[in-house]
Structures are given as C-alpha cells and as structure tokens.
Visitor: 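I'd like to ask some things about the structure below.
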Amino acid sequence: MMVQTTAAVALVTLFSRLTMAKTELVALTHATIINPANSAVIHDGTLLIEGDHIAAVGLPNDIKIPQSARIIECTGKFILPGYIDTHVHFFQSADIFTRPDAVDLTSVRPYKDEVAWIKSHLTDVFARYLRSGITSVIDVGGPMWNFEVRKIANSTAKAPRVAVAGPLISSVARPQLDLGDPPIVKIETPEQGREFVRKLAAHNPDYIKIWYIVPPPPVSPSPNASPAPNQSDVERAALFRPVVHAVIAESHARKLRVAVHATELEAARAAVEEGADLLVHSVTDKPVDNAFVRLMQERGTTLTPTLVVFERYGRTFAHQLNLTPEEKAWGNPEVIATLNVSRLPADKMPDRIKTALENPDAVLDRIKQTYDVALRNLKTLEDAAIPIAAGTDAGNIGTIHGPALFREFQLMKEAGLTPMQILKSTTATAAKAFGGDTGPRIGAIAPGNLADLVILNSDPLEDIAHASDIHTVIKNGVSYSAAFLLPR
Ligand SMILES: [Zn+2]
C-alpha cells in the first residue's frame, strides 16, 4: 500500500513536471523574423515558444502574449531558424592525424589514440555546433559507431539533432582507418552491396552512403608517344555503376535514402540516373552541362556543395591555412594546434606535406582551379532552382567542426548566391535533406515546428557575414546565451 502511494505521488510529480515543461511559454518580441523557407521577413515581429515548439509567429497585434510568458526583448535583433550543416563526419576531428590514409602520421600519434580522443570529445564537438548556431547536422558516413553518436546526441541537450549514415560503400578500401569498425567498406559485387544495405537497414540509418570513387584518367607518357588506348570518363564511371545501381535499388525498396559522393561529372550523372537522393559534393572536374541540370531537375536531386573542404587539405599541408575568426574562436584549440605543420618532426614529415611545403603556389593554384569550376557550377545549379543544401564536410583535415559553416557561406557568396539563398540552403532546404520525422519540423519558422532558432545581433540579409554574429541559440525551446556555450 505504502509503495503504491509513493509510486502514485511520484507519478503525479512527474506528470506535473511534464505539464509544466510543456506549458513553459517564452515570447521573443520586437524582432526582425526571417523565414528563408518562403523569403518572408517580419519587422517588429513576435515569436511565441511553448515548451519545445513554436506556438505562434506574427505582428504584435496578431499575437496575444499570455501573462505567464517569459519575455525576451529582441529590439534590433534578427531571428532565424537554427542552421543545419548537411555534411559532417563525427569520426574525424579535423586535426592533422584524423586521416592517416591521406597523410600517415601514425608514428607521431597512433590512429587508435586519435579515435579515442574523438570519442571522448563528442560532447565538446556538439557544444561547438550549438555555439555556431547549428542545431541540426547530417553525418554522411562513418563507422557503425555513428549510430551510437546519433543516440548520444538525442539524449544531450547541448547538441545538434543528428541524422546519420553508416559506413561508406566504396570501390576502394582504406585499411589505414580500419580498427575493427571501418568507416569505409569496399564492396565488389552488386549482391555484396545489397547484403550490406540489409545489414545497415537494421540500424535505421537516415541515409545509405556511397563513396563513388572513379579511377584517375590514364596519363599519356609523353606528348610524342602514340595515344594510349584511352578510357573515357563515362567508361571509368561505369566500372562501379552496377554496385551503385544495386545499392540504390535495395535502399529504395526499404524506403532508405541514398547519399552519393561523386565529384566527377560522369559519376554524378550516373548517380543521379540511378536515383541518388543527395549528392554530397560539388562537381569539380568540369562545368555541369544542360543535360545534367535537366536530369537533376527531373529527379529532384539535392546537392550539397561542401566548398570549404576543397581548400582545407591543401592549405593545411602547404602551411597556408586560412581559418576564419569564427573557426579560431569556436573550433577546438587542441585540433587547431595540430594543423600547424611546421611543428611536425622533420623526420616524420609525410611526402605529401613535404611536397606541398616546397611549392605552396602549386597547391593554391590547384585550389583556385577547383573553385573556378565548383563555384560556377553552384551558381548554375542555384539559377536552375536545384535544391542546394549547405554543408561543409567538417571533420576532414582543416575543416573545423561547427564554425566551418561560415567559411562555406563566404564561398557561396563568392559563387554569386544572395544572402537569402544562402540562408535558405542552410535552413529550409537542409531540413528537407535531414528528412525523417524531424526534417518537416525544422528549418522554417512556423507554428508547430520545433523551436530551434538563432538570434543575431546584425542583419544577415545585409551581409551574410552577419550570420555568425550570434547572440542566442535556442534548441528544442531551451535558450543558450551564445557567449556561455563553450568552456572558457
Ligand atoms: Zn564527407
């Protein structure tokens, strides 16, 4: 009897707490409210938050603020949906040791130590995303451990919402990254591909990820030599296509979406023809043609440009890293310290870094060439109304978790996108890419949506650089003063 009563009291207490949490009301008043989903701007607007969601939004006359509401005065402030980065990797720290398959520094720091560091700093990384106004991210590929990351994020308040893919399905292996739970898995036959999708499906992935790596074109030995039998781009892309076909068919049969890494035009075309839902990078080898643009329009494929990552490997290795003030301030200082390659022991310097250090101009030239193509392609696709979802590929060497998004915005601006287009790419369009049950409830300011918001001190429509002038971040209805989100 006693036990029952105690249980009953506990239940009542729990119930009243839940009810209280549900009915906590916060009114943001006198703000400029920007909703990139429909390009609407409300001046002197009111936004009412009830518990974890937006209850109402509009002009002061249209919204009755209940007496019990806590009021946050937002005169001179700008409110946006929380930002979404649609391309990150939590299994990588962005430090110099995080991709031993690119530069092997395992004699300086064993890869297992790197992975242990990453696993023990997950909540630190989460907080850095929130500090950057990023309230949701998509991890587009990593070890099976990624599913654990999603679970941890879901039970951590100061963390973005996380959608995940499992290991990357690829034509190439990366044994340097295999400590028993490899992030990249070599798949050789269509049947192996289907089997792997079935295995992943048990974990309810948000995406199946394909790493569509095309073998490099053959190099002719000298200008005078008779032309070697040349394999065309289409033929090279065709080599892995049967696996791509099988993986997408098996995924779609299970209502799973497929994200594809394809940076060459012919691989990207093949991926879209096969039904890819999301291309996770820009095409960088040549300008996209009309047929490709039409194909993307017909299929409704979304593209994430990840411009920032294209400069960061090269710039890090050539000791030309251009971290932004946001990255320096909000990135993990331990990670950033490792990116100074001049501090590496000379006898352990990998050839790739040595070569870059000897000729930094060549590295910068290659980056420029990549941007000449990638930025133009982004403008072409944006003008053709292809859904563009902002994303950074954070976690790769030099691409800093969280604030790398603001360098991505700069590059999108250089490509010719307007502030509203950039803001839409990181809110409404990114939310569609996020998908699942959560996608339809984030990325737009509308009653019923989750209260994931960024409050800025200055107008991002006047200059997209103001997107990082963050005053407050609200995630799931809980507001955090930006200045206090990170350890000092
Ligand atoms: Zn990636």
Side-chain angles (χ1 to χ4, degrees), residues 84-95 98-103 114-115 118 125 129 134 136-147 149-150 160 162-174 176-177 182-186 200 205-214 240 244 247 257-264 267-268 271 276-285 301-316 335 370 374 378 388-405 407-408 411 425-426 430 433-434:
I84 302 168
D85 187 334
T86 66
H87 191 148
V88 312
H89 297 282
F90 286 112
F91 82 99
Q92 304 179 141
S93 67
D95 76 12
T98 213
R99 286 298 293 266
D101 56 329
V103 280
E114 166 70 8
V115 170
I118 290 167
V125 173
Y129 275 100
I134 298 167
S136 297
V137 301
I138 307 177
D139 182 317
V140 289
M144 296 300 276
W145 174 65
N146 260 8
F147 297 113
V149 172
R150 180 176 60 183
V162 173
V164 292
L168 286 69
I169 293 171
S170 178
S171 54
V172 295
R174 284 287 185 266
Q176 302 93 327
L177 303 176
I184 296 169
V185 172
K186 183 175 177 180
L200 290 172
D206 299 283
Y207 277 100
I208 299 293
K209 169 75 174 285
I210 299 173
W211 208 38
Y212 199 156
I213 301 297
V214 173
F240 193 53
V244 173
V247 166
R257 295 173 300 159
V258 181
V260 182
H261 165 122
T263 54
E264 275 126 336
D277 300 279
L278 176 65
L279 292 180
V280 300
H281 293 292
S282 297
V283 166
T284 56
D285 67 331
T301 321
T302 300
L303 181 136
T304 300
T306 67
L307 300 169
V308 54
V309 77
F310 297 133
E311 69 181 352
R312 290 299 173 79
Y313 275 88
R315 279 186 173 273
T316 303
V335 166
T370 303
L378 173 55
I388 301 295
T392 57
D393 216 353
N396 278 286
I397 296 175
T399 304
I400 307 299
H401 278 296
L405 188 62
R407 176 63 182 147
E408 186 69 21
L411 290 161
S425 80
T426 197
F434 193 96

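Start at 1 and go down the list; that is how both ligands and their atoms are numbered. These numbers come from the heavy atoms of this one structure, side chains and all, not from hydrogens, waters or symmetry mates.
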Visitor: OG1/Thr304 to CG/Leu378 distance, rounded to the nearest 0.5 angstrom?
Guide: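 Between Thr304 OG1 and Leu378 CG, I get 11.0 Å after rounding to 0.5 Å.
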Visitor: Just how far is it from atom OG1 of Thr284 to atom CD of Glu264, taken to the nearest 0.5 Å?
Guide: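 Going from the OG1 atom of Thr284 to the CD atom of Glu264 covers 7.0 Å.
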Visitor: Dump the intermediate steps for side chain to side chain donor-acceptor pair (under 3.5 Å) on Asp85 and Thr392, then the final yes or no.
Guide: CA-CA 7 Å; Asp85 187 334; Thr392 57; 2.6 Å; yes
Visitor: Under 2.8 Å from the Zn ion (ligand 1), can any N, O or S atom of His89 be found?
Guide: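 Here the distance criterion (N, O or S atom, under 2.8 Å) is met by His89, so yes.
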Visitor: Quick check: does His281 put an N/O/S atom under 2.8 Å from the Zn ion (ligand 1)?
Guide: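 Under 2.8 Å: His281 has no N, O or S contact with the Zn ion (ligand 1).
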Visitor: Which atom, among the N/O/S set of Asp393, is closest to the Zn ion (ligand 1)?
Guide: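 In Asp393, the heteroatom (N, O or S) nearest the Zn ion (ligand 1) is OD1.
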Visitor: Using side-chain contact (heavy atoms from CB on, under 4.5 Å), reason through Arg312 and Asn396 one step at a time and then give a plain yes or no.
Guide: CA-CA 8 Å; Arg312 290 299 173 79; Asn396 278 286; over 6 Å; no
